[in-house]
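Take a look at the structure set out below.
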Amino acid sequence: MKPAVYFMDARSDSPDTSLIAKMLTVFDAARLGEMISPGDVVAIKVHCGEWNSSAYLRPVYARALADHIKELGGRPFVCDTTTLTYSPFSSRATELDLLITAERNGYTSATLGCPFICADGYVGTSDYRVDIPEGFILKEAYIAQAIAAADVLIALTHFKGHGMGVIGGALKNLGIGAQSKRGKFSVHMGGHPKYGVGGGVKFTPEAFKGKANDVNWELLENCCPYGLFKVTADDRIEWDRKRCVTCLGCLGLMNPRGIFEPLQEQFDATDAAIADAALGAVKAVGRNKVGFINMAVDVSPKCDCAGFSDIPIVPHLGVFASKDPVAIDQACVDAAMRSPGTPGSLSEEMGVAGAGQRKFDLAGAAIEGLSEQTTINTAVVNGLGSRDHELVHVAKAGPERFRFPPDPRPTYKRFGKLFEKFQPFPRERFDGQGFDRLPEVDLSAVKHPDGPKVSIHPHAPYHGDGTQHPAPSNGHAAEGHRHGHAAHSHSGDD
Amino acid sequence: MPRAQELLDQAIATVEAASQELRDERLVARAAAAVGELRAQRDKFFFKSLVGVPLANKAKVTADSLMNGRTASNLEALEAIVAEIKSKADAPGTVLT
Ligand code: SF4
């Protein structure tokens, strides 16, 4: 039987079609709540966003899900993990940095109504090792301890593109996001003799132009957490490549200088390994204890791990839920392919904006030759899930379900007594009208696309171009103003 | 060949063809300078990765415009793209972007 992917589109015109409501509706339709028994600890794995990224999921989604899990008797926590030092100036590579970044991005225990946890400890070595003999390339995975310790895991994923992974979906949320730091080293092929940066990258030291011609040469020595680069007194760059662990922190400096030539196989191998590592995460928690929600909104071309967010390459695609991480990612990739690209976005600049065109191979990937299917296909091979799926359109759940929970009573019952005691409307003023306003104005005069069709008020302090309007020297301007603004003037209106 | 380099090569060839029809010597010199700049940038990582595709594509589009209308304003548009390429082609990025 094909796995089901439960889907609601991204249009919204009522409280029960808000994206938050839809997330909860597809969660219920996919019966993910049935995995939770009273007292179960439930990990909600999110991507909290890099410093200055802005397309990551708004924390309210995790909050709403955590509240719902509490209603079901679970004990939720929301989590992310430390990263490798992907660049010289990373913002989430330790628990301290991760929590500071998450807090700035809105992910705090206060906003989430449950703890926000760095799941793999201060440095990222708090983990749980899992054997994955079924793996296509990895044979073990290191799962962040707090995730492995949970009774239930919900991967709440922002579906988008990714420079290395090509897509950032449910598989990557677990295959990278649920791995500890050492798990991430393995997935990125750290120490691998063929696919690792140290093992395979073409090193061209002659491309270094010398200290005098490279104002940032000191950064070349300081970009590596293991200090593997040295600029010598005679202006050569040396690299102790045998000790490289493939943290990727130097590539953004070495590639543009021509000192490194990126290794496509390293990207491909990592994309395959993501699927194996995701399998490891599922095995660590339990096959029937992991659920997936993909929010395919703000589909930025690069990941939330970049310190910026570009225009989405396609419009919001919708909200998906499934028990199969492969099916749910394939459903999102299919939806992106069916969709036209966003005008002015990278999908247009890459020439893949047409409905029916694959979007992420060019608009997601950092280098040519990668595939949006590599991780998905590998996850079929290792038995994690199925590309084939049934897309089930879910009906909205009705407005009653999504009323303001702290006080669901209608207005008079909530505010009648309050407004009597603390009258917010000054009925005693202006014959019961409450406020000082003109009886009628020419509203059409301020609707014109070229600007207002009445003169600027003589007392207006600014013109809008930064200059100050002089006070009228006689009564004519004020007269003109009144004529222009008010169809019927009355005394005392100015 | 990487997609961005291919687009850039097409742009360079188009500008060279267009410049043969230019009557004003000053415009010919400016077109040659633009071609020289594009050649200088071509082998950088920027154009070996996908990051350079949008600007390579813009260079090609503006080169096509120059071919269709050999005017100073079309040459200015090309020069603006060349300037943007020069400002971005050496910028450090991350491997993920
Ligand atoms: S040399 Fe290896 S370990 Fe050092 S920064 Fe580069 S990728 Fe990371």
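Proteins come first, then strands; the chains are lettered A, B, ... in the order of their sequence lines, and each starts at number 1.
In this structure, a donor-acceptor pair under 3.5 Å is absent between the side chains of A:N222 and A:E218.
In this structure, the portion of A:L346 lying under 4.5 Å from any heavy atom of chain B is its side chain and not its backbone.
Under the rule for a side chain to side chain donor-acceptor pair (under 3.5 Å), the partners of B:D9 that lie at least two apart in sequence or sit in another chain are B:R42. Scanning for side chain to side chain donor-acceptor pair (under 3.5 Å) contacts around B:N68 gives an empty result, with sequence neighbours left out.
Comparing B:P54, B:P2, B:A4, B:S49 by how many heavy-atom pairs each has under 4.5 Å with chain A, the most go to B:P54. Contacts with chain B were tallied for A:G258, A:A363, A:P262; A:P262 has the most, counting heavy-atom pairs under 4.5 Å.
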Which is it for A:K181 and A:T82 under the side-chain hydrogen bond (donor to acceptor under 3.5 Å, both in side chains) test, yes or no, and what are the steps along the way? CA-CA 6 Å; A:K181 188 179 263 79; A:T82 67; 2.9 Å; yes

